Trainee: 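Supplied in structure tokens, the structure appears directly below.
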Amino acid sequence: MACGGVAPERDVPVFAEQRFTDWWRERGGTRGTGHRGEVVVWPDTFTDHFHPAIGRAAVDVLEAAGFRVKVPEAAVCCGLTWISTGQLNIARRVLGHTIDVLREDLRRGTPVVGLEPSCTAVFRADAAELLPNDPDVRRMREQTRTLAELLVERAGDWQPPRVDARAVVQRHCHQYAVMGFDADREILRRAGVDADVLDAGCCGLAGNFGFEKGHYEVSMACAEAGLLPAVRDADDATLILADGFSCRTQVDQAGTGRTPVHLAEVLAAGLTGREAVPERPEVPGTRALLPWGAAGVTAGALAVAAGARRLRRTHRARRARR
């Protein structure tokens with residue numbers, strides 16, 4: 001049976017016990033020399049609520065490379081959930097709040113590091129189309145970088161830890177369409193990763209598409225066109241690397257027995273000389289049932305809904321005071 005329009009074949013993604021942003025606050029700020037300057041690590045919904053180990057790994061890598069890390073203290077969102085469901089007015093309000101939070105950093109020229117390709121692409125493309133007259137939105141577009149881009153552009157003399165492994169790499173659709181993948185190839189090469197970068201197209205999950213009732217067969221057919229056969233053919237010593245939450249979820253739920261890792265996790269594992277073993281939330285003993293919206297929202301919508309409500313209350317309060 002389907003719950004809230006979710007395909008019955010799908011397992012609902014599991015929330016982590018501790019969010020990345022909560023870990024950051026408990027940690028008490030950045031460490032290391034910070035001689036390369038400050039960067040903002042963007043706490044996207046997927047990293048923050050579902051796979052916080054990726055955020056922790058990115059902090060370790062950036063600090064090892066000589067950066068001083070910041071993480072926004074306020075609740076923030078890129079607005080992707082509302083963009084992908086056509087709620088553009090809400091998306092503009094959410095982005096406006098995000099710019100308010102980041103404004104001082106943007107005006108200082110501080111880079112913003114995105115870990116989730118779909119959210120990073122909003123800052124690099126969609127935001128400037130939704131708010132074309134805001135100079136700080138343009139600054140955000142120009143200053144947002146992927147982890148690999150930042151390391152190549154601003155830490156060119158830093159040698160990533162040697163990983164010396166093979167990897168099957170699934171590019172996210174937004175890496176194809178917006179960011180590119182050259183910097184990732186370069187960082188993988190420096191780390192000694194023999195990367196088979198697939199030219200297989202979309203993983204098939206495509207945000208909320210693969211979770212919607214009636215889309216499961218098409219979603220899996222897309223994955224079977226190239227991604228899943230490559231994963232099954234890979235031996236156990238070969239890493240399965242995917243920066244996108246959708247791509248990782250598709251592989252994880254396809255019965256391959258493999259759990260993909262993010263580039264940050266590969267590099268962070270190399271820093272300590274251990275294998276890149278993904279740390280993911282444990283699946284409950286019974287199938288998790290959450291109040292998904294009937295419109296077929298993404299997993300991220302659940303995590304940011306509370307923040308959106310807080311934003312709306314804040315805006316109403318501000319209007320009432322005027």
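These figures come from a predicted structure and were not determined experimentally.
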Trainee: Could you tell me the separation between the CG atom of Asp48 and the CD1 atom of Ile54, rounded to the nearest 0.5 Å?
Mentor: 12.0 Å
Trainee: Please determine whether a side-chain nitrogen of the Lys or Arg among Arg92 and Asp134 lies less than 4.0 Å from a carboxylate oxygen of the Asp or Glu.
Mentor: no
Trainee: Taking the six-membered ring for Trp, are His51 and Phe245 closer than 6.0 Å centroid to centroid?
Mentor: yes
Trainee: With a 3.5 Å cut-off and no angle check, do the side chains of Asp44 and Thr47 form a donor-acceptor pair?
Mentor: yes
Trainee: With a cut-off of 3.5 Å and sequence neighbours excluded, list every side-chain donor-acceptor pair involving residues 121-130.
Mentor:
unit_1 : atom_1 : unit_2 : atom_2 : d
Arg124 : NH1    : Thr144 : O      : 3.1
Arg124 : NH1    : Glu149 : OE1    : 2.8
Arg124 : NH2    : Glu149 : OE2    : 3.2

Trainee: If you count heavy atoms of other groups shown closer than 6.0 angstrom to CD of Gln159, is the number above 12?
Mentor: yes
Trainee: Hey, does Arg10 have a side-chain heavy atom less than 4.5 Å from the side chain of Leu205?
Mentor: yes
Trainee: Between Arg189 and Glu186 (salt bridge meaning N to carboxylate O under 4.0 Å), is one present in this structure?
Mentor: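 Looking at Glu186 together with Arg189, the answer is yes, because their closest N to O distance falls below 4.0 Å.
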Trainee: What do you reckon, is CD of Glu275 surrounded by more than 12 foreign heavy atoms closer than 6.0 Å?
Mentor: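 No, not enclosed.
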Trainee: For a quick test of reading the model, state the closest non-hydrogen atom pair linking Gly207 to Ser246 and the distance between them.
Mentor: N-OG, 3.2 Å
Trainee: Do Gln143 and Thr110 meet the criterion of a side-chain donor-acceptor pair at a distance under 3.5 Å?
Mentor: no
Trainee: Is there a path from Leu147 to Val40 through hydrophobic residues (I, L, V, M, F, W, Y) whose side chains come within less than 4.5 Å of each other?
Mentor: no
Trainee: Let me confirm one number: the CD-CE distance from Gln253 to Met220, rounded to the nearest 0.5 Å.
Mentor: 9.0 Å
Trainee: Rounded to the nearest 0.5 Å, how far apart are CZ of Phe211 and OG1 of Thr249?
Mentor: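 With rounding to 0.5 Å, CZ (Phe211) is 5.5 Å from OG1 (Thr249).
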Trainee: Measure the shortest side-chain to side-chain distance between Arg139 and Arg103 over non-hydrogen atoms and say whether it is less than 4.5 angstrom.
Mentor: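 Of all side-chain heavy-atom pairs linking Arg103 with Arg139, none is under 4.5 Å.
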Trainee: Quickly, which of Asp184, Thr120, Val261, Val169 forms a side chain to side chain contact (heavy atoms under 4.5 Å, CB included) with Asp243? Name it, please.
Mentor: Asp184
Trainee: Test side-chain contact (heavy atoms from CB on, under 4.5 Å) on Glu282 and Val14; report intermediate values, then the result.
Mentor: CA-CA 7 Å; Glu282 294 185 6; Val14 179; over 6 Å; no
Trainee: Linking Ile, Leu, Val, Met, Phe, Trp and Tyr through side-chain heavy atoms less than 4.5 Å apart, which residues share a cluster with Met179?
Mentor: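 Met179 clusters with Val178.
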Trainee: Is there a donor-acceptor pair under 3.5 Å between the side chain of Glu116 and the backbone N or O of Thr45?
Mentor: no
Trainee: Judged by atom type as modelled, is there a donor-acceptor pair below 3.5 Å linking the side chain of Gln175 to the main-chain atoms of His172?
Mentor: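 The answer is yes, because a donor-acceptor pair under 3.5 Å joins these two groups.
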Trainee: Determine whether Leu115 and Val41 make a side-chain contact, defined as any pair of heavy atoms from C-beta on separated by less than 4.5 Å.
Mentor: yes
Trainee: Does Trp82 reach the side chain of Cys77, with side-chain heavy atoms less than 4.5 Å apart?
Mentor: yes
Trainee: Which heavy atom of Ala91 sits nearest to which heavy atom of Gly79, and what is that distance?
Mentor: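 Where Ala91 meets Gly79 most closely, the heavy atoms are CB-O, 4.0 Å.
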Trainee: Taking everything shown except Arg154 itself, do over 12 heavy atoms lie less than 6.0 Å from its CZ?
Mentor: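 No, the 6.0 Å shell around CZ holds no more than 12 heavy atoms from other groups.
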Trainee: Arg25: what forms a side-chain contact (heavy atoms from CB on, under 4.5 Å) with it, not counting sequence neighbours?
Mentor: Arg19, Thr21, Asp22
Trainee: So, using side-chain contact (heavy atoms from CB on, under 4.5 Å) as the criterion, who are the partners of Pro52 when residues are at least two apart?
Mentor: Ala16, Phe20, Arg56
Trainee: Taking Ala167's backbone N and O only, do any of them form a donor-acceptor pair with Thr238's side chain (distance below 3.5 Å, no angle check)?
Mentor: no
Trainee: Output all residues satisfying side chain to side chain donor-acceptor pair (under 3.5 Å) with Arg141, sequence neighbours left out; order by chain, then residue number.
Mentor: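 Checked Arg141 against side chain to side chain donor-acceptor pair (under 3.5 Å); zero matches.
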Trainee: Of the non-hydrogen atoms in Ala7 and Tyr216, which two are nearest, and what is the gap between them?
Mentor: CB-CB, 4.3 Å
Trainee: Indicate the atoms forming the closest heavy-atom contact of Thr33 with Gly66, along with that distance.
Mentor: OG1-CA, 4.4 Å
Trainee: When hydrophobic residues are tied together by side-chain contacts of less than 4.5 Å, even through go-betweens, does Leu102 share a cluster with Trp24?
Mentor: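 Different hydrophobic clusters.
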Trainee: Of all residues at least two apart in sequence or in a different chain, which pass the ring-ring contact (aromatic ring centres under 6.0 Å, His included) check with His262?
Mentor: none
Trainee: By side-chain contact (heavy atoms from CB on, under 4.5 Å), which residues pair with Ala242, not counting sequence neighbours?
Mentor: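 Ala242: side-chain contact (heavy atoms from CB on, under 4.5 Å) contacts with Gln170, Cys247, Arg248, Pro260.
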Trainee: Can you tell if the side chain of Tyr176 reaches within under 4.5 Å of the side chain of Asp199, non-hydrogen atoms only?
Mentor: yes
Trainee: State the CG-CD1 distance between Asp196 and Ile240, to the nearest 0.5 angstrom.
Mentor: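 Output value for this atom pair is 9.5 Å.
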Trainee: Partners of Glu63 by side chain to side chain donor-acceptor pair (under 3.5 Å), sequence neighbours excluded?
Mentor: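 Counting only residues at least two positions away or on another chain, Glu63 forms a side chain to side chain donor-acceptor pair (under 3.5 Å) with Arg27, Thr30.
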Trainee: Determine the minimum heavy-atom distance between Gly204 and Ser219, stating which atoms define it.
Mentor: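 Looking at all heavy atoms of both residues, the shortest contact is O-OG, 2.7 Å.
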Trainee: Just by distance, do the side chain of Gln250 and the backbone of Cys203 share a donor-acceptor pair under 3.5 Å?
Mentor: yes
Trainee: I would like to know whether Leu239 and Val168 meet side-chain contact (heavy atoms from CB on, under 4.5 Å); could you show each step before the answer?
Mentor: CA-CA 6 Å; Leu239 299 171; Val168 170; over 6 Å; no
Trainee: Just list the side-chain donor-acceptor pairs under 3.5 Å for residues 222-231, sequence neighbours left out, or say none.
Mentor:
unit_1 : atom_1 : unit_2 : atom_2 : d
Glu224 : OE1    : Arg232 : NH1    : 3.1
Glu224 : OE2    : Arg232 : NH2    : 2.6

Trainee: Between Phe181 and Val163, is there a shared hydrophobic cluster once you connect ILVMFWY residues whose side-chain heavy atoms come closer than 4.5 Å?
Mentor: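 Looking at the clustering, Val163 is in the same group as Phe181.
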Trainee: Any donor and acceptor pair, going by atom type alone, linking the side chain of Arg145 with main-chain N or O of Val112 inside 3.5 Å?
Mentor: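 Absent.
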Trainee: The criterion is salt bridge (charged side-chain N to carboxylate O under 4.0 Å, His left out); which residues satisfy it with Asp236, sequence neighbours excluded?
Mentor: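 Applying salt bridge (charged side-chain N to carboxylate O under 4.0 Å, His left out) to Asp236 gives none.
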Trainee: Looking at residues at least two apart in the chain, or sitting in another chain, which of them share a side-chain contact (heavy atoms from CB on, under 4.5 Å) with Asp194?
Mentor: Arg166
Trainee: Would Leu198 end up clustered with Leu241 when hydrophobic side chains under 4.5 Å apart are linked, directly or stepwise?
Mentor: no
Trainee: For a 4.5 angstrom cut-off between non-hydrogen side-chain atoms, does Val6 reach Glu212?
Mentor: no
Trainee: According to the salt bridge (Lys or Arg N to Asp or Glu O under 4.0 Å) rule, which pairs have a member within residues 252-264, sequence neighbours left out?
Mentor: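 Listed by first then second residue: nothing to list.
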Trainee: Hey, could you give me the CG/CD distance between Leu62 and Glu38, rounded to the nearest 0.5 Å?
Mentor: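 Rounded to the nearest 0.5 Å, the CG-CD separation comes to 12.0 Å.
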Trainee: Looking at CH2 of Trp42 and NZ of Lys70, how far apart are the two atoms once the value is rounded to the nearest 0.5 Å?
Mentor: 12.5 Å
Trainee: Using the side-chain contact (heavy atoms from CB on, under 4.5 Å) rule, take Val39 and Arg68 through it: C-alpha gap first, then chi angles, then the decisive distance, then the call.
Mentor: CA-CA 6 Å; Val39 297; Arg68 185 169 61 256; over 6 Å; no
Trainee: Take Arg93 and His97, measure what side-chain contact (heavy atoms from CB on, under 4.5 Å) needs, and give me the verdict at the end.
Mentor: CA-CA 6 Å; Arg93 292 201 297 270; His97 170 74; over 6 Å; no
Trainee: Between Phe46 and Val251, is there a shared hydrophobic cluster once you connect ILVMFWY residues whose side-chain heavy atoms come closer than 4.5 Å?
Mentor: no
